[in-house]
Amino acid sequence: MTTPLELVVLDMAGTTVLDDGVVEQAFQRAAERTGVADRMPWDEALDYVRVTMGQSKIDVFTHLSGGDAEAAARATAAFEGAYAEIVSEQGVSEIPGAADAIQGLKDSGLKVVLTTGFAPVTRDALLDGLGWGELIDLALSPIDAGRGRPAPDLVLTALLRTHTSSVHAVAVAGDTVSDVESGRRAGAGFVAGVLTGAHDRPALSAAGADAVLSDVTALRGVLAQRDLLPLVATS
């Protein structure tokens, strides 16, 4: 017998928030300003950033700096500043249909929590730019949970903060391998990958996704097909 869901944990950039290369642009600006990636070829550093999309930015920069915690902290601050600059320059947009998808999940009786590898200042700037403050139940960054993805901490913190009854009553969706691995490690009842961000179908499937969707707008339909929506509102 399936456990009806109570909570959906959704990633931000690449899953609900349009990235359009902003993370890579911010990384490039941070690297130029701090030299954090100078110890390796640029292509190698950029590839590492792409592979680790979804993870805590401080963890990514710690690797790039060869374990230099002070350099990683400076680079992370530069990254957050650069990301804010780009958002200010270009604005912020949702993945098409994301807000309606979130509202549809809420209308189905589910709580919705957004998670991100960004610091709270960047996370909140994105939410303010989208006007999503009243749309979601909660938004979490690694500093709110302990460890960033692929650790399970963000998912488990979302469960605790929303008083969800069981890990089996949680669904997780994201565009990166780290998102999927985080959901799997947390024991989530359903984990989906989406194809609007960093990683492709083979990578998301290999990470353990129960389903790989074209985008977040397909999530509610898949949950309904699997009889995972609360009985109060499946129509």
Side-chain angles (χ1 to χ4, degrees), residues 1-19 54 94-116 127 130 132 134-140 145 149-150 152-235:
M1 180 178 177
T2 57
T3 301
L5 295 173
E6 300 169 31
L7 169 66
V8 179
V9 178
L10 301 174
D11 172 57
M12 291 183 67
T15 302
T16 53
V17 181
L18 190 65
D19 173 57
E94 67 172 7
I95 295 289
D100 287 344
I102 292 170
Q103 188 61 59
L105 293 167
K106 291 182 67 67
D107 290 345
S108 295
L110 298 167
K111 295 175 182 175
V112 177
V113 173
L114 299 185
T115 60
T116 181
L127 293 174
L130 292 165
W132 283 4
E134 300 299 318
L135 178 63
I136 60 170
D137 292 279
L138 183 66
L140 296 171
R149 299 178 293 233
D153 301 31
L154 283 164
V155 176
L156 296 175
T157 300
L159 176 151
L160 292 169
R161 295 274 294 272
T162 58
H163 306 288
T164 299
S165 64
S166 163
V167 291
H168 300 297
V170 180
V172 175
D175 67 294
T176 71
V177 165
S178 292
D179 293 317
V180 174
E181 290 180 345
S182 178
R184 287 271 77 100
R185 293 180 188 187
F190 181 83
V191 180
V194 296
L195 297 173
T196 47
H199 296 152
D200 60 14
R201 184 181 297 276
L204 296 168
S205 295
D210 294 307
V212 178
L213 312 175
S214 57
D215 57 48
V216 72
T217 66
L219 180 59
R220 184 182 181 280
V222 169
L223 297 180
Q225 290 170 7
R226 299 187 182 212
D227 294 324
L228 292 173
L229 294 179
L231 298 178
V232 294
T234 55
S235 60

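This is a predicted model, so every value here is computed, not measured. Note that these values count all heavy atoms, side chains included, but never hydrogens, waters or copies made by symmetry.
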Does D175 reach the main-chain N or O of A198 with its side chain, forming a donor-acceptor pair under 3.5 Å? yes

Side-chain donor or acceptor of S108 paired with backbone N/O of G104 under 3.5 Å: yes

If you measure from [atom1] on [X] to [atom2] on [Y], what distance do you get to the nearest 0.5 Å?
| X | Y | atom1 | atom2 | result |
| --- | --- | --- | --- | --- |
| L105 | L229 | CG | CG | 8.0 Å |
| L110 | L223 | CG | CG | 7.0 Å |
| R201 | L195 | CZ | CG | 5.0 Å |
| R220 | L228 | CZ | CG | 12.5 Å |
| D11 | L154 | CG | CG | 9.5 Å |

May I ask you to test the [X]-[Y] pair for a side-chain heavy-atom distance under 4.5 Å?
| X | Y | value |
| --- | --- | --- |
| D179 | L204 | no |
| V113 | T162 | yes |
| M12 | L127 | yes |
| L114 | T16 | yes |
| H168 | F190 | no |
| I136 | K111 | no |
| L130 | V17 | yes |

Nearest heavy atoms of [X] and [Y], plus distance in Å:
| X | Y | value |
| --- | --- | --- |
| A203 | V177 | O-CG2, 3.7 Å |
| A169 | P4 | CB-O, 3.7 Å |
| E181 | P150 | OE1-CB, 3.4 Å |
| A209 | G193 | CB-N, 3.9 Å |
| A145 | T157 | CB-OG1, 3.3 Å |
| V216 | A101 | O-CB, 4.0 Å |

Looking only at the side chains, is there a donor atom on one of T176 and R149 sitting less than 3.5 Å from an acceptor on the other? no

Contacts of T217 that satisfy side chain to side chain donor-acceptor pair (under 3.5 Å) - sequence neighbours left out: D215

The side chain to side chain donor-acceptor pair (under 3.5 Å) partners of S165 (sequence neighbours excluded) come to E6

Salt-bridge criterion met for D153 and R185 (N-O under 4.0 Å): no

Are D210 and R226 within salt-bridge range, i.e. N to O under 4.0 Å? no

One pair to check against side chain to side chain contact (heavy atoms under 4.5 Å, CB included): V170 and L5. What are the steps and the verdict? CA-CA 6 Å; V170 180; L5 295 173; 5.7 Å; no

The single option from T115, V172, L219 that satisfies side-chain contact (heavy atoms from CB on, under 4.5 Å) with L10 is L219

Start with the C-alpha gap between V112 and Q103, add the side-chain angles, then the distance that decides, and say whether side chain to side chain contact (heavy atoms under 4.5 Å, CB included) holds. CA-CA 9 Å; V112 177; Q103 188 61 59; over 6 Å; no

